[in-house]
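Comments concern the structure below.
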Amino acid sequence: MTDLDSSHIKLPPVFTQRGEATSLPRNEIPEGMLPAETAYQIVHDQAMLDGSSRLNLATFVTTYMDKEAKLLYAQTVDKNMIDKDEYPATAAIEDRCWRMLADLWHVPDAGDTIGTSTIGSSEACMLGGLALKRHWQAARKAAGKSVEKPNLVLSTGVQVCWEKFCNYFEVEPRWVPVTEEHLFLDGYELDKYVDENTIGVVAIMGQTYTGAYEPVKEIAAKLDEIQADTGLDVKIHVDGASGAFIAPFCQPELEWDFRVARVASISTSGHKFGLVYPGVGWIVWRDQERLPESMIFHCAYLGGDMPTLALNFSRPGAQVLLQYYQFLRLGKEGYRAVQQGCLDVAQYLSAAIADMGPFELISKGDTIPVFAWRLKKDHSDNWTLYDLEDRLRMKGWQVPAYPLSDNLSDVTLQRIVVRNGLSHDLATKLLADIKTEVDFLQQLDGPMPHEKRSASFHH
Ligand SMILES: *Cc1c(COP(=O)(O)O)cnc(C)c1O
């Protein structure tokens with residue numbers, strides 16, 4: 001008698017099995033089965049062709065967590081966030097997490113605030129926008145006025161989720177253009193955009209294009225003036241996808257959060273500088289009154305009476321546990337260390353890139369650890385930032401070039417997002433690679449052949 005399983009012995013070696021040595025249908029579910037090992041190997045190997053996430057300097061989303069977090073993730077991957085009756089401990093942790101954020105963002109009354117986790121900032125922004133819309137509708141109806149034409153005031157430099165919000169929920173976007181003088185929403189001429197149909201104003205803490213903070217306090221002061229002149233009381237939603245996890249630790253004096261009385265709600269991405277793998281986001285409202293009761297559903301079929309506030313139903317619960325893990329593991333001290341480390345690397349990189357000669361910085365990475373640059377106006381036409389993007393991609397780095405928004409779309413920027421995991425050491429290697437490629441492009445005596453150029457766009 002032997003304990004060797006002979007069917008296993010007869011299995012051909014890896015890479016010679018059906019599916020690996022033969023082709024599988026691409027767009028139909030195969031008729032037959034594969035051994036688990038073979039299926040694993042095939043999927044694993046195809047995913048290898050994706051770029052290395054750590055070298056992707058386009059994304060804001062976490063690509064590094066430590067091994068205890070990975071272990072926790074693997075152990076809790078089956079938890080469904082919506083099953084609050086089945087997973088009451090996870091539900092309680094979700095509650096604790098948004099309360100911690102409410103506290104971090106200086107909510108005036110911890111007993112009267114409300115919040116939730118979401119799948120990311122996009123869903124959180126949809127909920128924030130909807131609450132503004134519902135509020136406006138209720139007030140208009142109570143005054144016997146029309147609710148036909150809601151509008152939302154925002155910069156053309158907002159993230160695409162706000163275009164989605166306006167499109168999906170039928171709100172007119174009142175775009176405030178970005179100009180060379182006003183690269184972000186700063187309150188300038190706000191009175192031209194706000195009227196009785198304005199449901200709110202969006203302020204971005206950490207603009208996608210440049211990393212800039214929109215000055216929430218100044219925007220609020222402008223809205224105070226507007227209220228004094230017209231009686232319109234317009235609230236602010238702060239889209240703090242990145243900055244709401246940076247400013248509290250690294251720019252604590254900056255007043256952008258619930259310390260500003262006009263701020264009704266704040267959203268953020270747990271999976272950006274919240275330092276959790278995708279996808280988790282958060283939203284907190286100043287007080288319960290700011291979240292209309294009509295947005296909360298009571299659902300009985302999971303057991304118990306569960307209030308739910310979300311666009312999705314089922315969604316992973318593990319990310320919420322990972323957020324709690326990071327809060328405990330890092331504490332404020334740890335978050336400050338990680339975020340300040342990223343800011344230091346960003347400013348080290350931006351200073352060196354400014355020194356190379358052909359570039360002009362648009363931002364230097366002193367708000368969120370994100371910065372962008374453009375070619376100097378008198379630079380040769382032989383190459384563009386898209387060429388530099390392509391050259392760097394050949395070395396494994398993804399450093400996206402993209403047009404600025406709207407009426408500045410003829411300006412091309414290139415941007416680096418410094419995340420936890422882009423160490424000073426790795427940044428030095430990146431600089432050497434940028435230098436090599438810039439030298440190559442600078443010595444061209446004619447234009448780069450542009451039909452080969454890729455113009456990918458990243459948010
Ligand atoms: C990333 C981002 C979003 C969207 O966030 P997701 O978490 O990816 O859904 C919204 N607003 C801003 C400013 C962002 O940077």
Side-chain angles (χ1 to χ4, degrees), residues 53 56-63 81 97-98 101 115-130 132 152 154-169 173 175-176 178 183-185 200-216 219 236-247 256-257 263 265-284 310-312 315-316 319-320 322-323 339 342 346 363 365 367-372 400 402 404-405 413 415-419 457-459:
S53 63
N56 178 355
L57 306 182
T59 183
F60 287 74
V61 176
T62 302
T63 45
M81 197 64 238
C97 285
W98 67 252
L101 288 172
T116 184
S117 71
T118 60
I119 195 76
S121 274
S122 301
E123 187 188 11
C125 291
M126 304 287 152
L127 296 174
L130 273 171
L132 290 174
L152 181 68
L154 65 184
S155 155
T156 52
V158 295
Q159 210 264 358
V160 67
C161 73
W162 289 104
E163 288 174 59
K164 288 188 189 170
F165 168 76
C166 290
N167 179 317
Y168 295 172
F169 295 100
W175 297 117
V176 180
V178 294
L183 272 175
F184 44 78
L185 189 78
V201 173
V202 176
I204 309 281
M205 280 293 285
Q207 207 199 32
T208 310
Y209 294 84
T210 62
Y213 286 159
E214 294 183 339
V216 178
I219 296 169
I236 297 173
H237 174 85
V238 178
D239 174 355
S242 303
F245 264 111
I246 301 283
W256 62 275
D257 54 13
V263 172
S265 43
I266 300 174
S267 54
T268 194
S269 293
H271 55 218
K272 291 185 177 174
F273 295 97
L275 306 176
V276 176
Y277 287 136
V280 62
W282 300 96
I283 179 164
V284 175
L311 300 182
N312 274 70
R315 131 174 100 79
Q319 272 75 3
V320 166
L322 290 182
Q323 184 76 74
Q339 318 300 40
C342 292
S363 49
T367 49
I368 59 174
V370 170
F371 66 97
Y402 54 94
L404 251 179
S405 55
L413 297 191
R415 184 190 67 192
I416 285 178
V417 178
V418 177
R419 299 188 306 280
F457 186 78
H458 309 262
H459 262 103

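All values below come from the heavy atoms of this structure, side chains included, with hydrogens, waters and symmetry mates left out. Along the sequence shown, residues are numbered consecutively beginning with 1. In each ligand, atom 1 is the first atom listed, and ligand 1 is the first ligand listed.
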- Message: Just so I know, are the side chains of Val370 and Ser363 near enough to count as touching, which here means a heavy-atom distance under 4.5 Å?
- Response: no
- Query: Roughly how far, to the nearest 0.5 Å, is CG of Leu132 from CG of Leu127?
  - Reply: 11.0 Å
- Item | Ligand-residue contact atoms, ligand 1 with Ser269, heavy atoms, under 4.0 Å | 5 (O), 6 (P), 7 (O)
- Provide the number and element of each atom of ligand 1 under 4.0 Å from a heavy atom of Cys161. 10 (C)
- Query: Parallel under 30°, tilted from 30 to 60°, perpendicular over 60°: which one fits the rings of Tyr209 and Tyr402?
  - Reply: tilted
- Task: Work out whether the distance between some heavy atom of His271 and some atom of ligand 1 is less than 4.0 Å.
- Result: yes
- Item | 4.5 Å side-chain heavy-atom contact, Val201 and Ile219 | yes
- Query: Can you list the atoms of ligand 1 that are under 4.0 Å from a heavy atom of Thr208?
  - Reply: 13 (C), 15 (O)
- Do the non-hydrogen side-chain atoms of Asp257 and Ile266 ever get within less than 4.5 Å of each other? yes
- Item | Interatomic spacing from OG1 in Thr118 to CE in Met126 - rounded to 0.5 Å | 10.5 Å
- Compute the minimum heavy-atom distance from Lys272 to ligand 1 and say whether it is under 4.0 Å. yes
- What's the shortest distance from atom 9 (O) of ligand 1 to any protein heavy atom, and which residue and atom give it? Ser122 OG, 2.6 Å
- Can you list the atoms of ligand 1 that are under 4.0 Å from a heavy atom of Gly206? 13 (C)
- Quick one: does ligand 1 sit under 4.0 Å from the side chain of Ala241, the backbone, both or neither, non-hydrogen atoms only? side chain
- Query: Does a side-chain heavy-atom distance below 4.5 Å link Leu130 with Phe165?
  - Reply: yes
- Task: Answer yes or no: does an N/O atom from Asp239 fall short of 3.5 Å to an N/O atom of ligand 1?
- Result: yes
- Note on the structure: One finds that the ligand 1 atoms under 4.0 Å from a non-hydrogen atom of Ile204 are 13 (C)
- So which heavy atom in the protein is nearest atom 6 (P) of ligand 1, and how far is it from that ligand atom? Ser121 N, 3.5 Å
- Message: Around atom CZ of Phe169, are there more than 12 heavy atoms from other residues, nucleotides or ligands closer than 6.0 Å?
- Response: yes
- Message: Applying a heavy-atom cut-off of 4.0 Å, say which part of Glu123 lies close to ligand 1: side chain, backbone, both or neither.
- Response: neither
